[in-house]
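Source: prediction; values computed, not measured. Only this structure's heavy atoms are used, side chains among them; waters, hydrogens and symmetry mates stay out.
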Amino acid sequence: MLDSGDTGPGADDGGLRDTAADRPLTSTVERGSFCLARCSCGWSGPARRARGLAREDATAHATARHAAPGSP
């Protein structure tokens, strides 16, 4: 299994340190000719042929499931 290294919310940006429990970490994983999104919470998206679609799945998941209460 090859991890492409794409990360989403929760990546260390040099600011205040977040723990994995505070914010989810999403990535894309390649399996053969398919790419799928994964989250540190255990969620896994559908297999896609386009990495961009897998990244969109990860963004949608993080927004819908891990948005802070009261955030826009």
Side-chain angles (χ1 to χ4, degrees):
M1 180 163 54
L2 175 68
D3 185 349
S4 65
D6 296 329
T7 57
D12 186 11
D13 60 0
L16 295 174
R17 289 210 154 242
D18 291 329
T19 63
D22 293 337
R23 299 194 64 187
L25 176 64
T26 58
S27 63
T28 57
V29 179
E30 294 183 5
R31 287 191 178 166
S33 60
F34 292 93
C35 185
L36 58 124
R38 289 216 164 149
C39 182
S40 59
C41 75
W43 172 85
S44 181
R48 306 285 195 172
R49 287 201 181 264
R51 287 183 192 101
L53 291 177
R55 287 184 197 116
E56 289 176 12
D57 291 340
T59 301
H61 165 76
T63 302
R65 299 285 185 171
H66 299 293
S71 64

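- Annotation: the span from C41 atom SG to H66 atom NE2 amounts to 3.5 Å, rounded to 0.5 Å.
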Inset, instruction - May I have the step-by-step check of side-chain contact (heavy atoms from CB on, under 4.5 Å) for R51 and T28, ending in yes or no? - result: CA-CA 8 Å; R51 287 183 192 101; T28 57; 5.5 Å; no

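- Rounded to the nearest 0.5 Å, atoms CD (E30) and SG (C35) are 5.5 Å apart.
- Figure legend: cation-pi geometry between R49 and F34, with NZ or CZ positioned under 6.0 Å from the six-membered ring centre and within 45° of its axis.
- The two residues L36 and G45 have their closest heavy-atom pair at CB-O, 3.8 Å.
- When all heavy atoms of A54 and R48 are compared, the closest pair comes out as N-CG, 4.0 Å.
- Ring pair W43/H61 is parallel by interplanar angle, where below 30° counts as parallel and above 60° as perpendicular.
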